[in-house]
Amino acid sequence: MSLEQQLAKVEDVADKTFDFVIIGGGLAGCVLAARLSENPEVSVAVLEAGKSHINDPLVSIPDGWMRQAFNPEYDWLFRTKPQSRVQNGITTPDAKPNPSFYWSRGKGLGGSSNINFLFWTRPSREEVDAVEKLGNPGWNWQRFFKAAKRCETLVETPVSNDPDYLDLFHADSVGHPVSLSMTQALAAYGIPVIDDALGGNLSGTFKCPNNIDTRTGTRSTAATSYLYPALARPNLSVLTDAYVTRILTSKEEDQAVAKAVEFKHGGGTYAVKVGREAILSSSTVKSPHILELSGIGNHEILERLGIPVVADLPGVGENLQDHLILANPTWALKPEKGIVTSDTIGQPEIAEKLKALYGDDNGGPLYFALSGCTFIPIQTFSDRADELIAAFEKKLLEKADRLPVGLKEQYELQLKMLKDKNVPDIEIVVFPINMQPGSFDTPFVGLLPSIGHPISRGSIHAVSKDPEVQPEIDPNYIEEDLDLELLVDALKFVRKVASEDAWKAITSGELLPGPDVATDDQIRENVKQNVSTTWHACGTCSMMPREKGGVVDPHLKVYGTKNIRVADLSTWPLLSAVHTQALVYGIAEIAADVIKADNGI
Ligand SMILES: Cc1cc2nc3c(=O)[nH]c(=O)nc-3n(C[C@H](O)[C@H](O)[C@H](O)COP(=O)(O)OP(=O)(O)OC[C@H]3O[C@@H](n4cnc5c(N)ncnc54)[C@H](O)[C@@H]3O)c2cc1C
C-alpha cells in the first residue's frame, strides 16, 4: 500500500473513539503519533488541517521552502496585528511600508519542519536549565539532551579537499564559501570556531548541520522521519484536511474533561471521541487559539466573545516571545569570486547547466541550504555591555513589584544569562539568499543579527468565537528598549567584522544599510524599519506553575483539565537563542515519555 493509501478517511475517524487524539500533524504531532502508537494496544488519531504533501517536491527539495512561503497550500500565512514601533519590507511582500508582519507557519503533515530553513541547532545548557528553574522539575539539560538526540542520525557528508577548509574545519563540515571568510573575520574578535555546538555550548561560530538526508539529497521532516514509517500501523489513523475547531468537554469534579474533538472536513463538521487524552500540537499560534475556542483561557476574553468558560486560565495566549532579526545588512559579492547564491542558482544558464549535470531530480547531489551560524554574548559584540546590563537590572528592580511573578522570574533568569559570557545573546546568520529577487544587479550576501532572548512580550488571542477567524497575533515588538539597543550594537559589530580583510577579500562594499546610516539615531531608525520575524515564537501555552501565569504543568497537562495536554513550541516558557526545530523534537520526545508513563503504557 502506498503512503497515501495508508492515510485515514473521514469515516475511519468520525464518531470513533481513540485513546489519544493529536490535534495537528506538525513537527511535535508527528513525533507523538509515532511514539504513542509504538504500543499496539493504544489507538492514536491525528487530525491535520493541511494536506499530506507525500512525495511533494516542494517539500522534499531542500530549497523548496522558497516556493512554499506565501503559498496557502503550504503556509498558514498568519498576519500580525499592526506593530507601532517597527516596520518590515522583507516578509511583507505586498506593500511597504506596512506595519503588519506575515508569520509563515507550515501547513500539512510535517508542519513547519516542511517549510523551515533547515538550520539544525540545539539550545545552550543554561537555557534549558532556566526552564527547570521556572518551576518545572526535570526539564533540565541532562534529560533534554538525552531525549533530543533520539531524532538524529548523522549521515557522512562528501569530503571536500579544498585546502582552505581543511585549515579550519573537519573535512566533513564544509559550508558555504562566504562562511569561511566570515569565520576568518570573526577570529579577529576572539570568536572561536566550535566543533560541538549541539553539546550545550554554542558560543562561537560553526557550520551548523541541516536536516537533509545526504543519501537522497532530500529534506528530512517530522513526517518523513517519524510519521511515514509508522503509518502502516493499524492503531494509527491520520486524517488530513481536518481543521480542528474546538475540544468538546464536560465538567467532572471542577475539572474540564475532553470528550471529543470537533473538526471540519470536506464541508462537513465531525467529532472524534477521546478515550484517554486530547493533545494539542498545533503550534504557538494555534494551540492557544484552540484552547480559547474550547472555553479554556482568560474568562474576560472568553466572555467578551460569547464563548462559555470551561476553565479560567489567564496565561493562555500570553508570554509570547519571538526572535527579531535585522534583515537588511547586505554586502556585494565580488562577481569574479563565482560564489553561488540563491540568485546565481536561479539564472537560466546556470539552471540549465545544473540540470544537465544532475538531472531534474528531488535535490540530488546539489542542494542549497544555510549553515553559517555565529552565536555571541553581549560582552563580545557591544561596546556598552556593562551599561546596557546595568540599565536592564535597574529597570527590573524598579518594576519588580509591578511585574507578574512569572515574568519577574523570567527576567531575573534573562539578566543572569546576559551577565554570563557563556550564554550567547545574539546570533549572526550568513544569508546568501535574496528574499527580494531583482533588487540588486550584483550577487550579494547578508549578515543578519537576531536577538536571542527578547525582553518584549506579546500575546495571541481569539477575536471571534468563529473558528475560521484567525487569532490576533501581537508580538509587541521592541516594547522594551533593550531589544532595540541590542540590534543597534549588533549592526555596529557586524560592520566591524565586515571591515576585516578576510571579508573584504570576497566583497566589494556594503549595499545596505549603506553610508547614509551612520549615526546612532540613524542606525536605530534603520533597525526599526527593517526587522523581521525568524518564525521561532514560543510561550503562549507556557509550562510554568499556574500562579505564575502558566498554562501547562511539567507533565504538559493544561491546568483545570483532566486530560488535555499541549506538546509543541508554545509550551516553552523562555525562548532559547537558537533555531527551534531541534528544541521541539526534544520537547516532543520528552512529552511522549511523560504521556506513556502517566498512562502506564
Ligand atoms: C519559515 C520558517 C522557517 C524556519 N526555519 C527554521 C530553521 O531553519 N531551523 C529551525 O530549527 N527552525 C526553524 N523554524 C522553526 C521550526 O520549524 C518550528 O519551531 C517547529 O516546526 C515548531 O513545531 P510545532 O510542532 O510547535 O509546530 P508546527 O511544526 O508548525 O506544527 C503545527 C501543526 O498543526 C497544524 N494545525 C494548526 N492548526 C490546526 C487545526 N486547527 N487543526 C488541525 N491542524 C492544525 C498545522 O497545520 C501544523 O501542521 C522555521 C519555521 C518557519 C515557519
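Order of appearance sets the numbers: ligands from 1, and atoms from 1 within every ligand. It should be emphasised that the depicted structure is a prediction, and the values quoted were computed from it without experimental measurement.
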Report the part of Q581 (side chain from C-beta onward, or backbone N, CA, C, O) that has a heavy atom under 4.0 Å from ligand 1; answer both or neither where that applies. both
Can you tell whether the side chains of K107 and E73 come within less than 4.0 Å, N to carboxylate O? no
Do the side chains of Y477 and P454 get nearer than 4.5 Å, heavy atoms only? no
Which of the atoms of ligand 1 are close to A242, meaning less than 4.0 Å from one of its heavy atoms? 42 (N), 43 (C)
Y243: which of H265, E48, K286 passes side chain to side chain donor-acceptor pair (under 3.5 Å): K286
What do the steps show when you test Q410 against Q321 for side-chain contact (heavy atoms from CB on, under 4.5 Å), and what is the final call? CA-CA 12 Å; Q410 289 175 44; Q321 299 152 62; 3.8 Å; yes
What atoms of ligand 1 come closer than 4.0 angstrom to any heavy atom of S104? 53 (C)
For L47, which part has a heavy atom under 4.0 Å from ligand 1: side chain, backbone, both, or neither? backbone
Tell me whether E318 contacts the main-chain N or O of S459 through its side chain, where contact means a donor paired with an acceptor under 3.5 Å. no
As a check for students: among V46, D75, N116, T245, identify the option with a heavy atom nearest to atom 14 (N) of ligand 1. N116
List ligand 1 atoms under 4.0 Å from G24, heavy atoms only on the residue side. 34 (O), 35 (C), 44 (N)
Considering distance alone, does some N or O of L118 sit under 3.5 Å from an N or O of ligand 1? yes
Any idea which atoms of ligand 1 are less than 4.0 Å away from a heavy-atom of S281? 32 (C), 33 (C), 34 (O)
How many angstroms lie between CE in M544 and OG1 in T571, if you round to the nearest 0.5 Å? 11.0 Å
Nearest protein heavy atom with distance in Å, relative to atom 29 (O) of ligand 1: S112 N, 2.9 Å
Determine, for F145 and K149, whether the Lys NZ or Arg CZ falls below 6.0 Å from the six-membered ring centre while staying within 45 degrees of the axis. yes
So for ligand 1, is D568 a polar contact partner (N or O within less than 3.5 Å, distance only)? no
Ligand 1 atoms in contact with F119 (distance to a heavy atom under 4.0 Å): 7 (C), 8 (O), 9 (N), 10 (C), 11 (O)
The criterion is side chain to side chain donor-acceptor pair (under 3.5 Å); which residues satisfy it with W141, sequence neighbours excluded? none
Applied to residues 259-272, the salt bridge (Lys or Arg N to Asp or Glu O under 4.0 Å) test, sequence neighbours excluded, yields R246-E262, E252-K259, K264-E468
Nearest neighbour of atom 18 (C) of ligand 1 from the list T580, L109, T240, on a heavy-atom basis: T580
closest protein heavy atom to atom 26 (O) of ligand 1 is L569 N, 3.1 Å
Heavy atom of S287, distance to ligand 1 below 4.0 Å: no
W535-F101 aromatic ring centre distance below 6.0 Å: no
Look only at interatomic distance and state if L27 has a nitrogen or oxygen under 3.5 Å from any nitrogen or oxygen of ligand 1. yes
Mind checking whether G50 has an N or O less than 3.5 Å away from an N or O of ligand 1? no
Atoms of ligand 1 less than 4.0 Å from A49 heavy atoms? 42 (N), 43 (C), 44 (N), 45 (C)
Within the 4.0 Å heavy-atom cut-off, what I290 brings close to ligand 1 is side chain
Within-4.5 Å side-chain heavy-atom neighbours: V131 and P573: yes
Flag the pair E152 and R122 as a salt bridge only when some basic side-chain nitrogen lies within less than 4.0 angstrom of an acidic carboxylate oxygen. yes
At what distance is the nearest protein heavy atom to atom 52 (C) of ligand 1, and which residue and atom is it? W535 CB, 3.3 Å
To which protein heavy atom is atom 31 (O) of ligand 1 closest, and what is the distance rounded to 0.1 Å? G26 CA, 3.3 Å
Test of understanding: given a 4.0 Å heavy-atom threshold, classify the contact between V584 and ligand 1 as side chain, backbone, both, or neither. side chain
Rounding to 0.5 Å, atoms CG (N328) and CG (L447) come to a distance of 11.5 Å
Please report whether the ring centroid of Y102 lies less than 6.0 Å from that of F78. no
Should we say atom NZ of K16 is surrounded by more than 12 heavy atoms from elsewhere, each under 6.0 Å from it? yes
Is there any N or O on E48 that sits under 3.5 Å from an N or O of ligand 1? yes
Counting heavy atoms only, which part of W76 comes closer than 4.0 Å to ligand 1: side chain, backbone, both or neither? side chain
Taking only heavy atoms of A28, which atoms of ligand 1 are found under 4.0 Å from at least one of them? 25 (O)
Suppose I only count heavy atoms of G106 and a 4.0 Å limit; which atoms of ligand 1 are within that range? 46 (C), 47 (O), 48 (C), 49 (O)
Contact check: S570 vs ligand 1, nitrogen or oxygen atoms, below 3.5 angstrom: no
Passing candidate, ring pair (Phe, Tyr, Trp, His ring centres under 6.0 Å) with H579, options Y585, W120, F119: F119
I need the nearest protein heavy-atom contact for atom 41 (N) of ligand 1: residue, atom name and distance, please. V244 O, 3.0 Å
